[in-house]
Structure formats: C-alpha cells, structure tokens
J.: 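Sharing a structure with you now.
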Amino acid sequence: MNKKRIYLDNGATSFPKAPGVAESMYNYLVNNGASVGRGSYEETLDAQRVIFETRELICKLFNFDKVENVVFTKNITESLNTIIKGLLTDNDHVIISSMEHNAVMRPLNSLELKGIDITRVMCNKYGEIDPSDVRDAIKANTKAIIMIHSSNVCGTVLDLEEIGKIAKENNIFFIVDAAQTAGFLDVDFIKLNASVIAFTGHKSLLGPQGTGGFIVSDEICKQINPFIEGGTGSASEDENQPKYMPDKFESGTPNVVGLYGLNASLKFIFETGLENIRNHELKITKMFIEGLNNIKGIKIIGKLETEGRTPVVSVDFLENDNALVSYMLEKSYGISTRVGMHCAPSAHKTLGTFPSGTVRFSFSYFNTEDEIDYTLNSIKEVLRKVD
C-alpha cells in the first residue's frame, strides 16, 4: 500500500511551487530559450521584458522604488556574501544577532580573521532580541547591523523595525536577511529603514531553486565592491566592470528560466494576497502547536503562540533521539521534516538545543488541516513505537 506523502520542510525549500511556475519555465525552455542583454532579436527582448517585470514585482513586494537596484543572484547566500564581503574592510565593526544563519556567520567569521570586529547580541530562549542591546553594542567604527528577520530554527520574528530606527539614528547600514519572511510577512524597505534586503525565491516566495537577490539603497551601493566580475552584455567594449545598476552585480548569464518561474510565483502571491497566505499558515501552525501540547515527552522550542512567528516549529523529543523520530515519520508515514542544526548552530546554542538539534516542521500555504491532523497522530504513533 502506498503511504501518504506530506511535505513539511518548507523552511528549507517550498513544495509544491506556486501554480504557474513549472508552466512558465517550461514555456520559456520550449518556446524561447534566449539569454538577456545579449542580442536584439525577438526572443531575447521578450526575456528581457519578463526579467524587468520580475524586478518590478520585487519592488512591489518590498515597497521599494528603484527597479534598477533590484539585483538577482542564484540564492540569498550569494546575496549576503556579495554584500558582506563587498562592504566590510579592515577595522570595521558589525553587529549581528545570536540567531543568525551560517549564510551570515561563515562569511563574517572568515572576515574576522582579516580584522573585522563582530559583536553578537544575544537573544533570549525564545529567540527574541532586545533592541536596546543592539543600541548598547554600537561603537565608533560600527559600519553595519546585519540581522535575520525571522529564525529559520524556531520561527521567531525579530523586532527589526525598532532596530532599523536605531541604525538610521546612528548612520549605520542596516542589512536584512529576509529568507524566512519574504512571501509571508509584509517586509517593507522603508518601514525597516533598510539599506539592503536580501531574499531567496525558493522558500515562501514559492519559486524555483537557483533564484534570489537583494534590493539595495544608492547610499550603500556605492560602497560595495562587486563579488563577481565579468560579462554583463553591456559596455562590452570596456574591460572594466560597469558601475551602473544592476549590471555592477550581475555578471555572467543569469538564470533566466528560474526567473521566469519566480515571475509566476510572485504573481500568484499578489493574486492570492499576503494576508490570506499568512492567515492560513498561522492557522495550521496554531493547530499544530495546540496538538503538540497534548503529547507528552516533547518540548516546543521558541514561542508557544502564533503572534510574532512564522510557520516554522521546532520540536525536541526529550526522551527519544530526534533523528530517529524524524526518520520514522518519513519511513512509516511519509512525512518530510528536517532534523539537526539547520545551518544555524548559533541559534541552537541560544535556544538551548545544541548539539542535539531539533526536528523542524515548516508549513506552507498548500498544507491542509487534514495533513496537520495526520502528522499529529503520526507523532503519537511513532512515540508509542519507540517507548
């Protein structure tokens, strides 16, 4: 008998993708196939129009008003590396939270060996940060504050609006990692007083892997050196990298087929409405948390309520091996989760789950209440089997 397949690892990458994503990508590959900026024939001009429209949709999503300052990369890790390594120089000071993903931690730790000064502001056991601690960490040479918007481990949303005000008051660049919030929260460039917002296309934006990018203010853009240099399709007579946007940061042939998919997923999000998506995801998250509260031998990591969180729930199976529980959920019940460190050891240390890690359940707009019921019952059955 075929077992059910229930995908609950949307914090890693969304599945299924938004309606229209696969069709748009297929249509491009079959009926177009051209690159962008490398010709003036019909197909390449059509592709350029789609890419430009996708930049406009990103602007709309983040309340950003400069289309040329939307930069596409292959993922948010590349975006963050571009910003971090292109901006920070010897003796600069940067402030981060203790909830950061390795996409921030690893490049910063590499730069620390070269003279960058890092202050890690500790969050509490729920993953929350006190903005006043960020203010207290500011030094005379503080150049940037880099913060994850929401934890990929426990789903807690950090108070970035208040931290953005602090950054603005002190003339410090504010760089936001929106990997877990873009497509779920209203992430507003202006309200956050952001200098950069980095995003990925394959999580809550419901698009394909290999798509991501960042939006960047003119002020910080001037200070960031390109991470990759090469052909842009523009100013080909010049062997120096263009300084104008977005060409400054977009060398090499872009992932055109992926951006066709991202274009379709963004349109689906706007047609469906962020509020509708968020309400559904929080509804099933609440249902899941309430169901877990009736199961002995487990601990929910982070907040127990839906306010101030995303649909990411980490669970520690106190009397059992987390990896075994995750394996049995998939093996016997077809439920896909992610177990371990989630590329965020600093967050796990903050939450008290290092080195054992957690089993992470992360939901999307396409998960149903029936799937939540099935998952809760499956957890109960697994725990009975391992006792």
Side-chain angles (χ1 to χ4, degrees), residues 13-62 64-79 81-82 178-179 182-183 197-216 221 226-272:
T13 193
S14 59
F15 183 80
K17 301 302 181 183
V21 169
E23 294 82 356
S24 181
M25 296 172 73
Y26 175 85
N27 182 63
Y28 164 76
L29 288 171
V30 171
N31 297 311
N32 186 309
S35 189
V36 295
R38 270 74 172 175
S40 57
Y41 47 91
E42 181 180 349
E43 289 82 2
T44 189
L45 293 175
D46 284 344
Q48 285 175 201
R49 280 190 283 269
V50 170
I51 302 305
F52 185 81
E53 182 185 50
T54 308
R55 295 189 205 276
E56 291 181 317
L57 291 169
I58 290 293
C59 284
K60 181 179 178 182
L61 181 73
F62 293 115
F64 188 64
D65 63 359
K66 200 155 189 178
V67 177
E68 63 269 32
N69 283 20
V70 176
V71 176
F72 289 125
T73 61
K74 67 176 180 289
N75 51 50
I76 193 170
T77 299
E78 183 179 315
S79 298
N81 271 264
T82 298
I197 295 179
F199 62 90
T200 195
H202 70 103
K203 297 182 189 286
S204 293
L205 291 185
L206 305 175
Q209 291 94 328
T211 59
F214 59 92
I215 56 175
V216 56
C221 184
F227 186 50
I228 298 173
E229 296 173 296
T232 58
S234 59
S236 294
E237 74 286 352
D238 191 346
E239 293 182 343
N240 296 306
Q241 188 73 5
K243 296 186 182 299
Y244 48 81
M245 297 290 288
D247 302 47
K248 179 179 179 180
F249 298 109
E250 289 189 353
S251 293
T253 300
N255 179 13
V256 181
V257 63
L259 293 174
Y260 265 71
L262 181 60
N263 180 278
S265 70
L266 289 167
K267 288 178 178 176
F268 171 80
I269 287 171
F270 286 120
E271 289 166 2
T272 306

J.: Is T200 reaching over with its side chain to a backbone N or O of G212, donor-acceptor style, under 3.5 angstrom?
T.: no

J.: If you look at every heavy atom in A34 and N32, which pair is closest and at what distance?
T.: N-OD1, 2.8 Å

J.: For the side chain of R55 and the backbone of V70, is there at least one donor-acceptor N/O pair under 3.5 Å apart?
T.: yes

J.: Which heavy atom in V67 sits nearest to a heavy atom in F52, and how many Å separate them?
T.: CG1-CE1, 3.5 Å

J.: Restricting to non-hydrogen atoms, name the atom on K248 and the atom on C221 that form the minimum distance, rounded to 0.1 Å.
T.: NZ-O, 2.8 Å

J.: Using only atom types and a distance under 3.5 Å, with no angle test, would you say the side chain of Q48 pairs donor to acceptor with the backbone of L45?
T.: no

J.: Does the side chain of L205 reach to within under 4.5 Å of the side chain of I269, using non-hydrogen atoms?
T.: yes

J.: Can you give me the closest heavy-atom contact between S204 and A182, atom names plus distance?
T.: CB-O, 3.2 Å

J.: Can you name the closest pair of heavy atoms from D247 and Q241 and give their distance?
T.: O-NE2, 3.3 Å

J.: Give every residue pair that meets the ring pair (Phe, Tyr, Trp, His ring centres under 6.0 Å) criterion with at least one member in residues 237-268, sequence neighbours excluded.
T.: Y28-Y260, F214-F249, F268-F366

J.: For the residue pair G213 and S79, what are the closest heavy atoms and their distance?
T.: O-OG, 3.0 Å

J.: Salt bridge check, E23 against K267: does any charged N sit closer than 4.0 Å to a carboxylate O?
T.: no

J.: Using the side-chain contact (heavy atoms from CB on, under 4.5 Å) definition, which of the options N263, L266, L259 pairs with E53?
T.: N263

J.: Any side-chain heavy atom of N81 within less than 4.5 Å of one from T77?
T.: yes

J.: Give a yes or no answer on whether the side chain of T44 reaches the backbone of S35 with a donor-acceptor pair at less than 3.5 Å.
T.: yes

J.: Keeping the roles fixed (side chain from S251, backbone from G230), state whether a donor-acceptor pair exists under 3.5 Å.
T.: yes

J.: For the residue pair V21 and L206, establish whether any side-chain heavy-atom pair is separated by less than 4.5 Å.
T.: no

J.: Is K17 close to H202 at the side-chain level, that is, under 4.5 Å between some pair of heavy atoms?
T.: yes

J.: Would you say that N69 contacts I215 through its side chain, given a criterion of any heavy-atom pair below 4.5 Å between the two side chains?
T.: no

J.: With heavy-atom distances below 4.5 Å as the criterion, would you say the side chains of F72 and I51 are in contact?
T.: yes

J.: I want to check something: taking the side chain as every heavy atom from C-beta on, are M245 and V216 in contact at a cut-off of under 4.5 Å?
T.: yes

